[in-house]
Amino acid sequence: MKAPGPTLAAKAGGLAIAGWVAAWLLALGALAAWRGAVPLAPAQPIAFPHVVHAGRLGLQCTFCHVNAPRSPEATVPPLSTCMTCHETIALDRPEVQKLRGYVARGEPVTWTRVHTLPDWVRFTHKRHVRAGVDCSACHGGVAQMARVTRVRPLTMGWCIGCHRTRGAPTDCTTCHV
Amino acid sequence: MTRLEFDGREEFLARLRALVEAGTPPERIRLQMPFEVAEAAEILGERPGAVRFFALAGALAGFGTGLALTIYSVVSFPLRVGGKPIVSLPPFLLIGYLLTILFGSLGAFAGFLLLARMPSPRGLAADAELADRFVIVVEGEEGR
Amino acid sequence: MTGTRVGSEVERDVLGAIRRPGWRWLLGLAVSGLLAVLLHVLWGALIVRGLGLTGLNNPVGWAVLITNFVFWVGIAHSGTLISAVLFLFRARFRTSFNRSAEAMTVFAILVAGMFPLIHLGRVWVFYFLLPYPIERLIWPNFRSPLPWDVFAVTTYLIVSVVFFYVGMIPDLALARRHLPGLRGRIYAVLSLGWQGTGEQWRHYARLYLFLAAFATPLVASVHSIVSWDFAVSIVPGWHTTIFAPYFVAGAILSGTAMVLTLSIPMRRWLGLEAHMPIDHYEGIAKILLFTSLLVGYTYVVEQGLSLYGPSPFERDQYAFRAFGPYRGLFWLMVVCNAILPLTLFLRRARRSLPWLFVLGILVNVGMWTERFVLIVASLSHDFDPYAWGTYSPTRYEIGITAGSFGLFFLFFLLFSRLLPVIAITESKQALADRAGEEGTP
Amino acid sequence: MMDRRTFLHTLGLLTGGSALSACTPGKDRRHLVSALVPPEDGVVPGQSVWHATTCTECPAGCGMQVRLREGRPVKAEGVPGHPVSGGGLCVRGQASLWRLYDPRRLRGPQVRDGGALRAATWDDALSRVASALAEARGAGRTGAYLSGRTTGALAALLAESAPALGLEWLPRFEPFSHAAIRRANGLLFGAPEVPRLDAARPDVLLTVGADLLETFVSPVGLAAQVVAGPAGRRWWHAEPHCSLTGANADRRLVLRAGSEPWLLAWLLARVAPSARRPLPPAVVAAMPRPSIAATAEATGVAVDALEALGAALAAAKEPLVVAGAIATAAEGGLAVAGLAALLQWTLGATGRTVDLARGEGYGDVGSLLDLRALGERLERGQVGVLFVARANPVRHAPAAWRLAGKLAGATLRVGLGDLMDETLREMDVVLPLSHPLETWEELAPRRGLRELLRPAAAPLGDTRAEGDVLLELRRRAGETVAPSYQERLMAGWRARYDDAALRAYSAAGWAEEPVSGPPVGLDAGAAAELLRGVRLSPPKPGLVLVLAPSIRSFDGRSRALQLLEEVPDPLTTVTYGPWISVAPGDARRLGVADGDELRVTLGGWSAELPAKLQPGLAEGVFVVQRDVLPSFPGGMDPATGEAICALPGPGLERTGRGGRMPYLSGSPSQQGRGLIPEPIHRKETAKRASLYPEHPHPEHRWTMAIDVSRCIGCGACAASCYVENDVPVTGAREHRLGREMSWLRIEPFYDAAGGVDFLPILCQQCHAAPCEPVCPVYAAYHNPEGLNVQVYNRCIGTRYCSNNCPYKVRRFNWFDPVREAPLDLLHNPDLSARGRGIMEKCTFCVQRITAARDRAKDEGRAVRDGEVVPACAQSCPTTAIVFGDLNDAGSRIAALVKAPGSWRVFEELGTEPSVHYHRGGGEGER
């Protein structure tokens with residue numbers, strides 16, 4: 001009862017300590033992993049090129065996103081809006097044919113959100129648009145994008161920064177109710 | 001160089017005193033002790049080390065940090081709670097006080113390591129000697 | 001007789017203890033290890049399912065978990081007291097206990113520190129509490145006592161660890177010499193290559209002095225700050241100015257009691273009777289008695305203030321404690337903390353290790369109940385009669401409490417085998433001093 | 001004549017979120033959907049639309065407006081200025097949305113197959129019914145159609161459909177049939193009606209049994225009237241037990257059960273000589289004249305109390321006596337109703353505050369007599385197909401009748417309803433009815449009033465409107481009928497209204513038409529006859545068990561809705577499960593405490609109920625709310641057909657079982673802590689004692705004032721808050737642990753005399769809030785508009801704020817709040833997410849403040865006074881809650897806060913709450 005002693009003690013001790021530390025590291029790791037990451041430029045069911053519509057054709061954002069100035073949600077246009085032109089225009093393009101396919105099948109198109117905020121943030125497009133904030137302030141130069149990409153951080157600090165510079169309210173209830 | 005070893009503290013001190021009175025320059029005397037003997041330093045006429053300055057620096061830094069942190073935090077994002085003023089010093093002083101102690105002790109420790117040249121490779125060497133007796137080493141001229 | 005001979009005895013026995021793990025030790029290790037695991041499992045359940053698994057409810061938002069926090073922070077106190085304060089007062093009996101007391105301090109803070117986290121509703125965002133420049137641009141609220149806790153406990157932990165470690169450096173160097181092979185190397189590295197040269201000793205002495213000087217105010221401040229978690233609020237029974245001294249006294253009482261509870265068996269099982277003489281225990285017993293008197297006094301003053309004061313809420317509250325559903329615990333706390341320790345006025349009691357051991361346990365039972373009564377009774381009977389309600393713990397809280405003891409003893413058992421449990425170098429010095437006094441008439 | 005589209009549009013059929021509009025997925029934050037075509041005009045996603053419709057949780061027919069978001073009703077509120085309800089909506093009305101989304105709602109037809117009910121298709125179920133009808137016709141057996149009270153368009157359809165299907169439409173079955181009152185009025189005035197009351201005008205009001213504030217005919221409207229009574233109005237209420245109505249009366253007289261005739265007879269004799277409308281000599285001759293001593297002896301009411309009452313009634317300018325409910329639901333109920341009617345007549349109330357010409361339209365409601373007759377016919381096998389629609393006779397018929405068994409006498413039993421109940425369980429075919437918010441309907445709850453119901457949501461299950469079922473059955477019988485009930489209704493409206501009228505009707509949700517009835521006259525002979533029939537027998541001594549109606553579930557029809565169990569009973573604060581109220585004295589005698597179980601026996605009937613002490617209660621009286629009983633233990637008064645609800649001589653014994661029961665109040669009394677200072681002196685506005693400087697509220701300073709003299713404790717505000725703010729509904733287990741989540745609660749405080757004060761407590765939005773500084777992360781802070789904001793996503797759940805809140809209004813999410821589908825659709829999209837581990841609380845409906853500010857900004861103006869109405873204030877039937885901006889000097893709130901006698905709870909703590917309480921203008925006698 002002497003030789004095995006120290007090694008045993010050391011082993012047991014080492015294990016216990018290691019286990020405890022590991023548990024903590026694990027917890028912290030899980031913590032770091034805990035956030036719903038959103039891809040910056042997700043693929044869309046139809047590769048709608050803003051660069052053509054908003055860029056080359058120079059359509060206003062609100063031409064399609066009609067609700068932006070009058071509703072909290074900008075909303076994407078119904079397919080009927082697309083069809084006003086694409087009944088006749090660019091019928092040969094594969095993406096346009098995709099679109100017509102959806103319409104023919106009577107199936108709504110489900111886009112992947114690029115700019116999204118957590119459930120605990122209340123954002124209203126109406127107020128921002130009416131305050132004269134340019135769409136690109138948050139959405140970046142969509143008019144130059146073939147595929148819409150999130151270029152702004154959309155973090156709280158970023159929001160507050162802009163609110164402060166523009167003298168907009170920074171009371172918590174402005175965004176968190 | 002000469003090396004003297006003692007079992008008892010008293011003999012050790014007596015001999016050390018003798019050496020110094022005999023005119024051996026203190027800087028040529030190296031000691032090793034199993035525990036601290038304050039008198040030894042006195043005999044060699046060494047003044048208390050510089051650890052205290054590190055401690056002081058740490059303490060002041062801590063207090064400053066505490067106040068700066070707290071005050072900046074409320075000024076940068078002022079929020080009204082319980083009708084209290086935005087800059088409410090009493091609690092902030094508390095933070096300052098705690099950081100004083102924290103930085104102070106860490107400063108002192110850092111200072112000690114620096115001054116005592118620790119961790120020292122020589123001390124870590126497998127054959128590093130550690131006296132459980134009192135040792136006086138007097139280095140000869142060639143020692144330098 | 002000269003210092004070194006006796007000194008080397010200490011050295012042999014203490015470092016020898018590192019080698020011999022008895023079956024008692026292994027058993028203890030296993031039991032406390034299991035309890036520690038239980039603690040983390042139950043905590044996991046709380047995180048996944050929610051704090052509803054506890055018995056907490058609407059008026060009573062804090063209970064056993066916070067009780068444990070206060071309790072363990074209290075335990076942590078005697079460590080600093082014995083090592084720092086007694087060092088400054090040059091109390092000789094300190095040398096038998098300071099090492100284990102310091103270890104106890106460190107472990108108790110580690111355990112205590114877990115509880116504020118355990119009782120958080122959303123522990124996964126605990127970092128909101130930490131003051132670092134986050135992208136949200138928003139900081140912790142330094143006007144709230146909880147960030148004070150964060151700072152106080154962290155400071156206390158770090159300072160205690162440093163103090164504990166610095167005090168151990170020379171002994172680690174010794175251990176390195178006694179243990180061959182890998183473990184020797186480990187101790188060597190831990191000792192940072194200490195050689196005990198005059199130069200090192202000179203700075204070391206200054207450092208130790210300063211650490212003691214810094215740690216001493218912490219004894220008073222840390223538990224005062226913990227007490228302000230309650231005193232700063234407006235809850236009847238919490239909102240009193242006496243809380244800071246009241247808590248500090250209580251903390252030292254429980255800490256000292258824990259020292260007895262731990263060191264008496266340790267002394268026996270590690271065969272250190274020679275180096276932990278009864279006289280030293282008598283010294284500890286005196287501290288226990290003194291703090292117990294303080295605590296008893298605060299009990300009286302607390303009730304007195306409530307009766308004297310203008311607030312009907314306060315008056316009702318103290319009546320509720322003494323005669324309400326928690327009266328059993330209330331009187332238990334009075335007996336354990338303020339009455340039983342009075343036996344220590346008798347020299348025989350002070351010198352009887354069995355009694356000191358039992359008393360140590362009883363006092364800690366009393367101190368735990370004190371915190372429980374203080375927290376739960378006050379919350380369950382505050383301002384609005386409609387909102388009154390009582391609380392009783394569930395098996396989750398009981399399990400976590402047991403687990404916290406497991407974790408603490410796990411740490412302590414490991415310490416008792418892996419590190420020198422008595423300050424060898426200091427003992428040597430003490431012995432030398434005594435020898436010197438005897439030698440020089 | 002407008003074209004069909006504009007017609008539909010006018011009816012709001014095509015406006016935002018109506019049943020037909022494309023409903024966009026509300027919660028999905030990961031995707032966006034491009035529909036094929038734009039939604040119908042008017043739909044702007046993320047904006048709410050309010051639909052005016054009608055509440056159907058009880059027969060009163062209060063106005064209800066429903067808020068629609070993304071095609072789903074998310075909130076119900078009262079219609080301001082509505083002729084029935086006057087603008088409030090009661091706790092049951094709030095819960096009607098829970099009925100719409102109730103997970104246990106019948107999703108499709110069921111038919112009985114060898115004992116058990118099994119799901120079936122409509123076609124299958126209906127063809128069964130049709131063939132059974134054909135058979136019965138062949139066998140010459142007329143069927144019976146038993147329904148709950150039915151008015152308006154559906155009544156018209158039933159009246160013509162029943163004969164067409166070979167059915168007899170039996171008198172309507174209502175547990176609260178008010179049969180005695182109708183019988184008496186029929187005898188005395190030839191008008192067998194429940195009169196429409198005007199409780200706002202009387203300066204002296206005596207209610208005997210009639211629980212105006214709970215279930216009596218039209219409680220929301222009556223409550224609004226009662227609190228609006230003239231200054232100095234005195235209101236006596238006489239009853240054996242202690243009801244919410246009694247608790248709110250200026251003076252409650254505890255009558256010995258069954259002694260009501262004594263009281264009324266004595267009063268009649270007392271006031272008749274000096275009355276403004278003298279009684280005919282024959283009547284005077286027949287009048288019983290009990291001595292005051294005998295009356296006091298029999299009723300247990302002190303002589304001087306009687307004197308005071310008699311004198312007050314005699315001297316009153318506008319006296320009103322109402323007897324009903326518990327007072328008429330007993331042997332001799334007819335005498336009670338008759339005496340009360342004569343008092344009304346001779347005191348001059350009839351024709352003024354008691355309107356028989358424009359009655360409540362209960363003429364076609366039957367009574368238990370009709371139900372018994374049906375039972376006998378069933379036993380004799382004279383009934384063909386039996387329909388039971390929207391009624392639960394099995395549960396409400398006296399248990400002794402064993403009605404369930406007798407139902408077997410019909411050839412086929414067809415049940416129509418929305419939730420499975422005791423009656424539907426006995427049926428062979430169960431046809432699920434759509435919720436009133438899923439269908440078109442038109443009600444006429446009282447004579448001269450039409451109310452519109454229109455679909456606010458697409459049906460959640462495979463359900464149909466009763467009208468469509470009837471039409472379909474007639475179609476199958478070979479008739480040619482309207483293609484759908486909707487078409488039939490619309491045809492009716494097209495014929496009745498022009499463009500403008502329809503718009504008005506649609507916008508308001510109701511339309512009133514002048515009704516002229518002949519002035520009623522007293523039939524002296526009948527009156528004398530009735531008086532001679534009055535038996536003044538001494539009431540039976542001993543214990544009495546009172547089966548009281550429940551404000552939370554009316555006669556039990558709303559019992560299935562969990563929200564109504566989550567909201568506590570006003571007097572006992574019991575939430576879940578049955579209980580029996582026991583007077584403290586009796587509790588001592590029986591040796592029971594709260595939660596101890598009692599076995600109650602009445603003849604063969606027995607039930608085990610946990611006891612709850614109720615201080616206001618007279619000794620010897622035990623109260624059980626009749627909605628919680630599985631079966632009805634009482635009998636029937638053969639004279640009127642009313643159920644007998646005051647039952648003498650119950651056996652009571654402890655079972656020995658017991659335990660924590662779910663009630664919320666920690667103490668029935670204020671413990672002298674002066675939450676409601678008593679008496680209230682005009683106190684100088686206390687100087688603000690604080691070291692800190694007053695902090696500014698530059699823009700708004702939101703403040704609330706609550707009139708405790710108007711608060712009747714009905715709980716509508718609490719229910720409204722639950723729905724508006726998605727407050728988690730936690731259930732009995734959590735309530736037992738003391739973990740209710742209500743943001744707003746009403747605290748009943750009993751005084752020594754057994755009087756009750758109700759104190760609504762919500763977050764007081766303190767200016768020096770104790771909860772704020774203790775939060776380590778600024779989740780709780782004070783915003784510049786005076787709100788004590790709780791930022792949910794910042795909260796880490798230390799619960800320190802709740803500990804430090806003197807009002808204990810903060811609620812912690814102990815678990816993740818879960819709602820069984822489809823209840824999860826009942827969700828206010830304006831709120832940010834909350835979940836496990838988060839502290840939540842009232843913030844004066846900050847989402848509504850934000851919405852109002854948004855509206856104001858759009859219109860480039862400031863927020864108007866009264867524009868922001870929190871959910872609680874909106875629903876309050878008695879408008880006890882006023883909300884506004886204290887910075888606006890002209891606002892109502894500013895005036896109320898300054899008013900003398902206004903106080904704040906625990907003001908001495910220096911928390912400076914933003915909720916001010918006051919006792920209105922006149923102090924009650926309480």
Side-chain angles (χ1 to χ4, degrees), chain C residues 47-62 116 119-129 136 138-150 229-230 232-236 238 310-313 316 375 378-391, chain D residues 573 664-673 675 730 734 737-740 745 747-749 759 761 770 772-781 793-816 835-839 905-906 908-911:
Chain C
I47 293 173
V48 174
R49 292 278 320 286
L51 282 165
L53 296 176
T54 66
L56 295 167
N57 58 25
N58 251 335
V60 187
W62 290 358
H119 109 298
L120 279 189
R122 298 202 304 159
V123 69
W124 50 90
V125 288
F126 79 98
Y127 54 85
F128 285 178
L129 282 166
R136 296 171 199 80
I138 189 162
W139 293 82
N141 172 13
F142 292 108
R143 281 164 284 189
S144 160
L146 296 183
W148 307 349
D149 274 353
V150 174
D229 285 349
F230 307 98
V232 162
S233 82
I234 69 169
V235 178
W238 285 7
S311 158
F313 305 121
D316 288 9
I375 292 171
S378 307
L379 286 175
S380 60
H381 196 83
D382 76 344
F383 297 96
D384 182 351
Y386 181 95
W388 287 348
T390 55
Y391 156 93
Chain D
T573 74
L664 305 187
S665 171
S667 154
S669 108
Q670 294 191 50
Q671 308 281 336
R673 296 186 169 198
L675 285 85
T730 53
E734 293 294 287
L737 293 170
R739 290 181 188 163
E740 73 275 15
R745 60 175 186 255
E747 306 186 344
F749 286 126
L759 184 69
I761 289 282
E772 290 164 357
V774 298
C775 175
V777 294
Y778 287 118
Y781 77 101
N793 47 298
R794 179 72 178 168
C795 174
I796 62 175
T798 67
R799 300 185 295 293
Y800 201 167
C801 50
S802 170
N803 291 350
N804 213 27
C805 172
Y807 310 92
K808 286 287 174 284
V809 290
R810 296 179 151 263
R811 297 292 186 233
F812 185 73
N813 285 274
W814 300 100
F815 295 109
D816 264 323
R836 185 181 76 222
I838 288 177
M839 188 65 70
V905 176
F906 296 141
E908 65 273 27
L909 297 178
T911 52

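Per chain, numbering begins at 1; letters A, B, ... match sequence-line order. These figures come from a predicted structure and were not determined experimentally.
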With sequence neighbours excluded, tell me which residues meet ring-ring contact (aromatic ring centres under 6.0 Å, His included) with Trp388(C). His381(C)
Under the rule for ring-ring contact (aromatic ring centres under 6.0 Å, His included), what residues qualify as partners of Tyr807(D), not counting sequence neighbours? Phe906(D)
Go through Gly835(D), Cys775(D), Ser802(D), Ala779(D) and name the one with the most non-hydrogen pairs under 4.5 angstrom from chain C. Cys775(D)
If you count heavy-atom pairs under 4.5 Å with chain D, which of [options] comes out on top?
options	result
Ala387(C), Ser380(C), Ser233(C)	Ser233(C)
Pro59(C), Gly50(C), Ser378(C), Ser144(C)	Ser144(C)
Thr390(C), Leu120(C), Asp149(C), Val150(C)	Leu120(C)
Asp382(C), Leu129(C), Leu53(C)	Asp382(C)

Side chain from CB out, backbone as N, CA, C, O: work out which of these in [X] comes under 4.5 Å of a heavy atom of chain C, or both, or neither.
X	result
Pro806(D)	both
Leu675(D)	side chain
Arg794(D)	both
Ser669(D)	backbone
Tyr781(D)	neither
Leu664(D)	both
Thr798(D)	both

Quick one: are Tyr386(C) and Pro748(D) in side-chain contact, heavy atoms under 4.5 Å? yes
Step by step, would you call Glu772(D) with Arg143(C) a side-chain contact (heavy atoms from CB on, under 4.5 Å)? CA-CA 9 Å; Glu772(D) 290 164 357; Arg143(C) 281 164 284 189; over 6 Å; no
Side chain to side chain contact (heavy atoms under 4.5 Å, CB included) partner of Pro776(D), the single match among Pro147(C), Pro116(C), Pro145(C): Pro147(C)
